[in-house]
There are 2 protein chains.
Amino acid sequence: MDVRTLCLGALMGGEATGYEIRKMFEDGTFSHFQIASLGSIYPALTKLTQDGLVTFVEHEQENRPDKKVYQLTQEGRRTFLRTLLQTRPAEDRYRSDILFMLTFAEEMPIELTEALIDEFAARHELMSHQIDPDNEDKQGSPSTYGRDENGNPKPGCCFVAGLGQAMCDATLKFIRENKQGLLDELRNFKARKP
Amino acid sequence: MDVRTLCLGALMGGEATGYEIRKMFEDGTFSHFQIASLGSIYPALTKLTQDGLVTFVEHEQENRPDKKVYQLTQEGRRTFLRTLLQTRPAEDRYRSDILFMLTFAEEMPIELTEALIDEFAARHELMSHQIDPDNEDKQGSPSTYGRDENGNPKPGCCFVAGLGQAMCDATLKFIRENKQGLLDELRNFKARKP
DNA sequence: TCCGACATATATCGGACTGATATAACGATT
DNA sequence: AATCGTTATATCAGTCCGATATATGTCGGA
């Protein structure tokens, strides 16, 4: 799924600026299973405009840089829906420097190992917080993504959010139950082979 | 973490060809939390050779294309260890087309939703299988990654593998418990708004 | 028995994407 | 007053993926 398709999907929830779209992938609805950087979002929106799949209105704000508020066209909506039906989803891919580094725990000081595990836990704690739609700090947020016109959360979004939450919980539980054991093992390991 | 560092890490477990390194990221020890394609591995190995961090021996095999078996140099080992101690790990990133698509479950036929969920489950089942080091089909595999010289699995690797397993289990459990509920909700949703 | 599919093995390259940087103005914290 | 973070758009160098090419062997099925 290229960034153009991702942008179309993001705009299915209503109008948004490029900056707001990035936030959906950074903090918002999509944050735990997709990413897109500004460096790809802006060119994508330009291309989509040229292709007639989105339009934008320029909002001049006082004492602020201009805003381009993008919106799906009918053809954009149709194109996205068609893509949904036709696309074979690519393989899931999870990248984690921390887990890669922990693979070599024997080769580093135990304090570093512990710090890496703690950071991993902290990030998942944060993620778990970001996923929960009720727990969001933004009460009167302008665009309530993942909800329909009446403000009801959409079943698909709930399912995906729940799944993310379950993954986070499992991760945190595993760390709670196995961190100390690993550190002990490493101490033994190092005592045997200095 | 760039592919060069990833290759150095892969070679910490012993000598390997470029093709074998890719397999570690495709099927092997690193498969559930890092990826690297051949298109980046081969240039990386060339660069590492130029920089003196790895060396290779060309094995001519009968009736087979030549093999370049790479190995860390002492400087390569030192460089990797230094990188381990100095690198701030990048953010974890998880990309899933399937979860993105499921976000729009309301917009597609229920059969497609179910097929996507089933595929998601199947992939995680497979991954769970790949992670388990005891369960590996390759009994006399040439290089036993993740183990020390005596064949004992390394604590760091076990921890990371266990974590991966826990995530898979949680995912599969969530799907078992929530798939039917989602499909029912979607049917209601569609009945109300045709 | 032949054919296609798959595995081993290296190499290259176009196109897509990330991450950094530039610009600009404001509020908040130090 | 100075630095930092936030809103907002835009560009670009460098990195990486995915596809493709090349060469050869094995294995299962029609």
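In what follows, chains carry the letters A, B, and so on, assigned in the order in which the sequence lines appear, proteins first and then strands, with residues in each chain numbered from 1.
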Atom [atom1] of [X] to atom [atom2] of [N]: distance rounded to whole Å?
X: Leu6(B); N: dT15(D); atom1: CG; atom2: P; value: 15 Å
X: Lys67(A); N: dT9(D); atom1: NZ; atom2: P; value: 8 Å
X: Gln34(B); N: dC16(D); atom1: CD; atom2: P; value: 11 Å
X: Arg22(B); N: dC17(D); atom1: CZ; atom2: P; value: 12 Å
X: Ile35(B); N: dA16(C); atom1: CD1; atom2: P; value: 19 Å
X: Met24(A); N: dT7(D); atom1: CE; atom2: P; value: 14 Å
X: Glu26(B); N: dC6(C); atom1: CD; atom2: C1'; value: 13 Å
X: Asp66(B); N: dT8(C); atom1: CG; atom2: C1'; value: 12 Å

Charged N-O contact under 4.0 Å between [X] and [Y]:
X: Asp92(B); Y: Arg95(A); value: no
X: Lys179(A); Y: Asp118(A); value: yes
X: Arg77(B); Y: Glu107(A); value: yes
X: Glu119(A); Y: Arg88(B); value: yes

Q | Ring geometry between His124(A) and Phe120(A) (parallel below 30°, tilted from 30 to 60°, perpendicular above 60°) | A | tilted
Q: Identify whether any heavy atom of Arg4(A) sits under 4.0 Å from a base atom; if not, whether one sits that close to sugar-phosphate; answer base, sugar-phosphate or nothing.
A: nothing
Q) Contact class for Ser37(B) (heavy atom, under 4.0 Å): base, sugar-phosphate, or nothing? A) base
Q) Are Ser128(B) and Gln165(B) close enough that a side-chain donor and a side-chain acceptor fall under 3.5 Å? A) yes
At under 4.0 Å, does any side-chain N or O of [X] touch on OP1 or OP2 of [N]?
X: Lys23(A); N: dT6(D); result: no
X: Lys68(B); N: dA11(C); result: yes
X: Arg95(A); N: dC17(D); result: yes
X: Arg93(B); N: dG19(C); result: yes

Q. In terms of side-chain heavy atoms of Val3(B), which of dT6(D), dC16(D), dA7(C) is nearest?
A. dC16(D)
**Q.** Among dG18(D), dC17(C), dT10(C), the one nearest Asp2(A) by side-chain distance
**A.** dC17(C)
**Q.** Toward the 5' end of DNA chain C, by each residue's nearest nucleotide, Met1(A) or Leu38(B)
**A.** Leu38(B)
Q. Can you list the steps and then say if Tyr94(B) with Phe33(A) is a ring pair (Phe, Tyr, Trp, His ring centres under 6.0 Å)?
A. CA-CA 5 Å; Tyr94(B) 178 54; Phe33(A) 57 88; 7.8 Å; no
Q: Could you identify which residues of residues 39-48 of chain A place a heavy atom less than 4.0 Å from some atom of DNA chain C, listed by residue number, or say none?
A: Gly39(A), Ser40(A)
